[in-house]
Novice: 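Pasting in a structure now, in structure tokens, and then I'll have a few things to ask.
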Number of protein chains: 2
Amino acid sequence: MAIARPVDRRLFFMLDRAHTQLAKAADAHLSASSHVGTSQAAVLIYLGYHDNCRLSELSEGVGRNNSAITGLVSRMEEAGLVSRGHSHDDRRTKTVSLTSKGWTVRETVMNDFRAFNEKLVKGLNDREVDAVMKFLSLSVSNVAS
Amino acid sequence: MAIARPVDRRLFFMLDRAHTQLAKAADAHLSASSHVGTSQAAVLIYLGYHDNCRLSELSEGVGRNNSAITGLVSRMEEAGLVSRGHSHDDRRTKTVSLTSKGWTVRETVMNDFRAFNEKLVKGLNDREVDAVMKFLSLSVSNVAS
DNA sequence: CCTAACTATTACGCATACGAACGAATCTGT
DNA sequence: ACAGATTCGTTCGTATGCGTAATAGTTAGG
């Protein structure tokens, strides 16, 4: 259960720090080949698996709220990476889909991240990587209450 | 080595997502008792261990760059949590120290995070927690190059 | 002494995120 | 069929952080 080990109280800050540094490194990694940051990259990747989805679904998929998505999608629309559409079923909803340019950039981004993620787990064995992924999934639901 | 396992390419996004959700939860957790966010909380905790340190050291300690620290410290100074001082050795440098109010808030924040961090590792055994901490430390240096 | 390096600040523009509130559309219960 | 609740996307204001560049004071090296 790992209760109250002194080191535990630093866990969140270690995560925060790692995220800051890794996001910075990932941004640098990405902008070398494409002009997208990590937020936009997440959208590109998600849309590859769920093209033409609702904005709310995208919001859920990349873990940002509605208003963040509105701005994010708008910037990406201006950049020609995605386009908005309308749903036939429900006139409230709008959909997002990748443009052909979006698909191309996504391909680059995917390759970049494959290399990047391999760097992240350098020095860890499979068992440890599994523990990390388990933590990243579990912790979100642990605090969701 | 965990090379090219299909799941690896999602690692960074899982981290990104976890960080976003956890930061949001932590903010809610904190602002219930004190009026500080996670950035300011990090500063409070760091200063508890390195009171009266230089701004650059703080910058390194909490993983933000110099100009971000200037703004962060200014906001905290206005809130009465920290105060700026001058170094005797080097008159270029300025120092930051906790005010008595800062120490009080830090105490609250520390307790909040103890509880919060315990929630994060719920469902993980010690071995897995160790792997997570190892990952969070290692990954930063792995991409630092 | 002069110059180079360091330290912190400041200002600008930009990206990202949040919560709150809004209008429009849709669904639900009666 | 209609009133009320809910959902969806948007807009607004605010907070935070980054990069870059300019500024200014201080220190250290030659």
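Proteins get letters first, then strands, A, B, ... in listed order; numbering begins at 1 in each.
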Novice: Can you tell me the distance, in whole Å, between the NE2 atom of H19(A) and the C1' atom of dT16(D)?
Specialist: 14 Å
Novice: Rounded to whole angstroms, how far apart are NE2 on H88(A) and P on dA25(C)?
Specialist: 17 Å
Novice: Among dT27(D), dG19(D), dC18(C), which is the nearest nucleotide to the side chain of T20(B)?
Specialist: dC18(C)
Novice: If I take atom CG in residue D90(B) and atom C1' in nucleotide dA28(D), what distance separates them, rounded to the nearest angstrom?
Specialist: 10 Å
Novice: Do you see a donor-acceptor pair shorter than 3.5 Å between the side chains of R64(A) and T20(B)?
Specialist: yes
Novice: Side-chain N or O of Q40(A) versus OP1/OP2 of dT16(C): is the shortest distance under 4.0 Å?
Specialist: yes
Novice: Counting the atoms with a prime plus P, OP1 and OP2 as sugar-phosphate, which does R54(A) contact under 4.0 Å by heavy atoms, base, sugar-phosphate, or nothing?
Specialist: sugar-phosphate
Novice: Short question: side chain of S34(A), backbone of V36(A) - any donor-acceptor pair under 3.5 Å?
Specialist: no
Novice: Is there a side-chain contact between V143(B) and L120(A) in this structure, where contact means two heavy atoms from C-beta onward sitting under 4.5 Å apart?
Specialist: yes
Novice: Any donor-acceptor pair, under 3.5 Å, between the side chain of S67(A) and the base of dG19(C), if you only look at N and O atoms?
Specialist: yes
Novice: Do side-chain atoms of T38(B) reach the backbone of A23(B) as a donor and acceptor pair under 3.5 angstrom?
Specialist: no
Novice: Using side-chain heavy atoms (C-beta onward) and a distance below 4.5 Å, is E128(A) in contact with N125(A)?
Specialist: yes
Novice: Return the 5'-most residue of the pair S74(B), R64(A) with respect to DNA chain C, ranking by each residue's nearest nucleotide.
Specialist: S74(B)
Novice: With a 4.0 Å limit, can you tell me whether T70(A) has a side-chain N or O closer than that to the phosphate oxygens OP1/OP2 of dT11(D)?
Specialist: no
Novice: Pairs under 3.5 angstrom, nitrogen or oxygen only, protein versus nucleotides 2-5 of chain C, please.
Specialist:
none

Novice: Give me the residues of residues 79-86 of chain B where at least one heavy atom lies under 4.0 Å from an atom of DNA chain D, by number, or none.
Specialist: none
Novice: Is the distance from OP1 or OP2 of dC8(D) to the nearest side-chain N or O of K94(A) less than 4.0 Å?
Specialist: no
Novice: Would you mind reading off the distance between L72(A) atom CG and dA17(C) atom P, rounded to a whole angstrom?
Specialist: 6 Å
Novice: Using a heavy-atom cut-off of under 4.0 Å over every strand shown, decide if D16(B) touches base, sugar-phosphate, or nothing.
Specialist: nothing
Novice: So among L58(A), V43(A), N52(A), which one has a side chain to side chain contact (heavy atoms under 4.5 Å, CB included) with V96(A)?
Specialist: L58(A)
Novice: Under 4.0 Å between any heavy atoms, over every strand shown, what does I69(A) touch: base, sugar-phosphate, or nothing? Just pick one.
Specialist: nothing
Novice: How close or far is atom C1' of dC18(C) from atom CG of D27(B), stated in whole angstroms?
Specialist: 9 Å
Novice: dT26(C), dT16(C), dC18(D): which one has an atom nearest the side-chain heavy atoms of R75(A)?
Specialist: dT16(C)
Novice: Reckon N65(A) has a side-chain N or O less than 4.0 Å from the OP1 or OP2 of dG19(C)?
Specialist: yes
Novice: What I'd like to find out is whether the side chain of L136(B) reaches to under 4.5 Å of the side chain of L11(A), using heavy atoms alone.
Specialist: yes
Novice: I would like to know whether N65(B) and S59(B) meet side chain to side chain donor-acceptor pair (under 3.5 Å); could you show each step before the answer?
Specialist: CA-CA 6 Å; N65(B) 70 9; S59(B) 155; over 6 Å; no
Novice: State which of dC8(D), dT27(D), dA25(C) makes the closest approach to the side chain of R91(A).
Specialist: dA25(C)
Novice: Rounded to the nearest 0.5 Å, what separates atom OG in S137(A) from atom CZ in R17(B)?
Specialist: 9.5 Å
Novice: Would you mind reading off the distance between L58(B) atom CG and dT9(C) atom C1', rounded to a whole angstrom?
Specialist: 15 Å
Novice: Out of curiosity, L98(B) CG to S83(B) OG, how far, rounded to the nearest 0.5 Å?
Specialist: 8.5 Å
Novice: Base, sugar-phosphate, or nothing: which does E57(A) touch, judged by heavy atoms less than 4.0 Å apart?
Specialist: nothing
Novice: Ring pair (Phe, Tyr, Trp, His ring centres under 6.0 Å) between F13(B) and Y46(A): does it pass, once the steps are laid out?
Specialist: CA-CA 10 Å; F13(B) 290 109; Y46(A) 186 85; over 10 Å; no
Novice: Would you mind classifying the nucleic acid contact of N66(A) as base, sugar-phosphate or nothing, using non-hydrogen atoms under 4.0 angstrom?
Specialist: base
Novice: Over how many whole Å does the gap from K24(A) atom NZ to dT16(D) atom C1' extend?
Specialist: 14 Å
